Every structure is written in C-alpha cells, then in structure tokens.
Amino acid sequence: MRRGVFITLEGGEGCGKSTQARRLAAWLGERGVRTLPVREPGGSPLPEAVRSMLKRGIDGDTPCDRAELLLFLAARAQLVEKIIVPALESGVWVVSDRFSDSTAAYQGAGRGLDADFIKAANGFACAGLSPDLTILLELPRETALRRICARKAAGGAGDRIEDENEAFHSRIAAAFRAIAASEPGRVATIDASGTPEEVFAAVSTVVQKRFFASVPGAERS
C-alpha cells in the first residue's frame with residue numbers, strides 16, 4: 001500500500017489556515033483521496049485538553065514560556081503516534097492545521113526560547129516525521145488584525161497567544177519567512193490577502209502540481 005501524503009498549513013494569526021485546511025481536505029476527498037484533517041494542538045482527546053490549557057489557561061493560571069513549549073510538544077507527540085502515523089501508513093493523506101514549524105516560529109522566535117533545543121525536541125516529538133508539503137499563508141499584519149477584530153465582533157473567542165504584542169507577531173512572521181527560504185522544496189508560500197476562494201485557488205494549484213501532475217493514479221490513492 002502506498003504511504004499517504006502529509007500536508008501542513010502554517011502562518012500567523014488571522015491568515016485563514018483553518019479555512020484553507022478544511023477546503024483542502026474536502027477538495028482532496030472530492031478527488032477520491034482518503035483524507036484526514038487534523039489540527040494542532042488537538043486531534044484526539046488528550047491533545048484537545050492541552051489545546052484548552054494553552055489557549056486560556058486554567059482558573060487564571062497560564063503556562064510560562066517553557067511550559068507552553070513542552071505542552072505543545074506533548075500534544076504533538078500524542079497526535080503523531082496515535083493519529084498521523086497510523087493514517088499515513090494506511091494510505092490516508094493527512095492535512096494538518098499547524099505542525100512543527102509553528103513551534104519554531106512561536107516558541108522559538110516569538111518567545112525567544114533556544115532554537116537548537118526546539119529543533120531537537122521537535123524531532124523527538126515528531127519521531128522524525130516531516131511534512132511532504134507545507135503551505136505557508138502569508139498576510140500583512142494590518143490585514144490580519146482586521147480579520148481578527150471582525151471575528152471577535154461576530155462573537156468569536158480570542159486567546160492569549162493571539163493577543164500578544166506586535167513585536168511578538170513580527171518575530172513570528174520573520175521566522176516563517178526564514179523557514180520558507182531555508183526549505184524551498186518543502187514550503188510553498190501563498191499570498192493570503194485575497195478572498196478565501198482566491199487563496200484556495202492558489203493552494204489547490206500548488207497541491208495539484210506537486211502531487212497529481214507527477215504521480216500517476218494519485219487521485220485514486
């Protein structure tokens with residue numbers, strides 16, 4: 001059985017990752033590809049519980065920077081071993097809303113934690129797993145802020161990471177750009193400033209060219 005393909009979507013707050021990840025999973029399904037969408041942190045009961053702690057803390061007790069890093073890594077280790085790897089081994093394509101690049105960007109560049117430690121710890125948490133393709137959605141910060149404010153005005157909940165200062169988010173954006181520049185074979189950068197439909201047209205084009213155009217029968221995997 002052919003191994004499944006692992007695709008991740010990355011980017012800063014408000015870039016539309018979750019929307020594009022859902023669209024991509026549905027698009028693949030329409031083409032006969034068995035697909036599993038997951039999100040980070042999350043994907044099974046234990047990581048989902050960690051997600052809640054990371055976003056808002058518990059009774060006003062929020063994780064310090066080191067604890068935040070370790071919680072993300074613990075959730076990732078569980079998701080990789082229990083959900084992602086078994087799916088890939090059974091031929092399922094996995095589409096993940098965030099993965100290890102987010103830890104390098106947010107806890108590394110954003111929080112200023114040791115990059116070498118994060119690289120090694122990510123490798124341990126992922127058991128050596130790396131995405132076959134990462135789609136980086138890039139969005140000007142002012143556009144992202146407008147989207148976040150509109151979502152909150154419509155009743156959407158914010159979280160403590162989203163509400164960090166502008167310097168924090170600038171460091172994250174720079175880190176994502178550096179990751180893309182260092183791994184052009186894996187990371188495809190897409191302008192996320194258009195409508196969801198325009199952005200997804202670019203996302204699906206990247207996936208089509210990367211996999212379906214070069215792998216006979218990929219649409220029937």
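On a predicted model such as this, the values are computed, not experimentally measured, just so you know.
- Salt bridge absent: E198 and R23 never bring a charged side-chain N and a carboxylate O closer than 4.0 Å.
- F176 and L9 are members of different hydrophobic clusters when ILVMFWY side chains are connected at heavy-atom separations under 4.5 Å.
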* **F99/I7 under side-chain contact (heavy atoms from CB on, under 4.5 Å): CA gap, chis, key distance, verdict** => CA-CA 10 Å; F99 196 60; I7 301 173; over 6 Å; no
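- Across L73 and A121, no two heavy atoms sit closer than the pair CD1-CB, 3.6 Å.
- Residues I118 and L113 have side chains in contact (heavy-atom distance under 4.5 Å, counting atoms from C-beta outward).
- Nearest approach of L54 to P63, heavy atoms of both residues: CD2-CG, 4.4 Å.
- Ion pairing between a basic and an acidic side chain is recognised when a charged N comes within 4.0 Å of a carboxylate O; E166 and R141 show such pairing.
- You'll find the side chain of T62 reaches within 4.5 Å of the side chain of R160, heavy atoms only.
- In this structure, V80 is a member of the same hydrophobic cluster as I83, with clusters built from ILVMFWY side-chain heavy atoms closer than 4.5 Å.
- Counting only heavy atoms from C-beta outward, the side chains of V5 and L133 never approach each other to under 4.5 Å.
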* Could you go through the side-chain contact (heavy atoms from CB on, under 4.5 Å) check for N122 and K119 one step at a time? => CA-CA 5 Å; N122 253 332; K119 182 177 180 179; 5.9 Å; no
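- A salt bridge does not link E89 with R2: none of the charged nitrogens is closer than 4.0 Å to a carboxylate oxygen.
- Contact annotation: the side chain of R22 approaches that of T19 to within less than 4.5 Å [non-hydrogen atoms, C-beta and beyond].
- At a threshold of 4.5 Å between non-hydrogen side-chain atoms, the residues R3 and D132 count as touching.
- A donor atom on one side chain and an acceptor atom on the other are found under 3.5 Å apart for T134 and T8.
- If you check the side chains of T103 and R98, you find no donor sitting under 3.5 Å from an acceptor.
- The minimum heavy-atom distance between V199 and G194, with the atom names listed, is CG2-O, 3.9 Å.
- W93 and F6 have their aromatic ring centers separated by at least 6.0 angstrom.
- Using a 4.5 Å heavy-atom threshold, the side chains of Q20 and L137 count as touching.
- Of all non-hydrogen atoms in V187 and A180, the two that sit nearest each other are CG1-CB, 3.7 Å.
- Counting non-hydrogen atoms of other residues, nucleotides and ligands closer than 6.0 Å to CD of E48 gives a total above 12.
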* To do: Could you please spell out the steps behind the side-chain contact (heavy atoms from CB on, under 4.5 Å) verdict for I84 and L129?
  => CA-CA 9 Å; I84 295 178; L129 178 67; 3.6 Å; yes
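- Look at R66 and D114 and you find no salt bridge, because none of the NZ, NE, NH1 or NH2 atoms lies under 4.0 Å from a carboxylate O.
- No donor-acceptor contact under 3.5 angstrom links the side chains of E40 and S96, judged on distance only.
- The hydrophobic cluster containing F72 does not contain L70, counting ILVMFWY residues as joined when their side-chain heavy atoms lie under 4.5 angstrom apart, directly or transitively.
- Side-chain atoms of V95 and L36, non-hydrogen and from C-beta on, never get closer than 4.5 Å to each other.
- The shortest non-hydrogen separation linking A21 to D97 is CB-CB, 4.3 Å.
- A salt bridge is defined here as a Lys NZ or Arg NE, NH1 or NH2 lying under 4.0 Å from an Asp or Glu carboxylate O, and E142 with R147 fails to meet this definition.
- Under the 4.5 Å side-chain heavy-atom criterion for grouping Ile, Leu, Val, Met, Phe, Trp and Tyr, Y106 is connected to I179 within one hydrophobic cluster.
- The backbone N or O of A201 sits less than 3.5 Å from a side-chain atom of S204, completing a donor-acceptor pair.
- Note on D61 versus R56: no salt bridge recorded, every NZ/NE/NH1/NH2 to OD/OE distance being 4.0 Å or above.
- Connection of I161 to M53 is established within a shared hydrophobic cluster, with ILVMFWY side chains joined at heavy-atom distances below 4.5 Å, either directly or through further cluster members.
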* Could you please spell out the steps behind the side-chain contact (heavy atoms from CB on, under 4.5 Å) verdict for W27 and V207? => CA-CA 10 Å; W27 182 85; V207 175; 3.8 Å; yes
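- Across all their heavy atoms, P184 and A181 have their closest contact at CD-O, 3.5 Å.
- With respect to the salt-bridge test (charged N to carboxylate O, under 4.0 angstrom), the residues E164 and R111 qualify.
- Looking at heavy atoms from C-beta onward, F212 lies in side-chain contact with V33 at the 4.5 angstrom threshold.
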* To do: Under the salt bridge (Lys or Arg N to Asp or Glu O under 4.0 Å) rule, what do K152 and E162 come out as? Steps first, then yes or no, please.
  => CA-CA 12 Å; K152 289 181 177 178; E162 184 178 83; 3.7 Å; yes
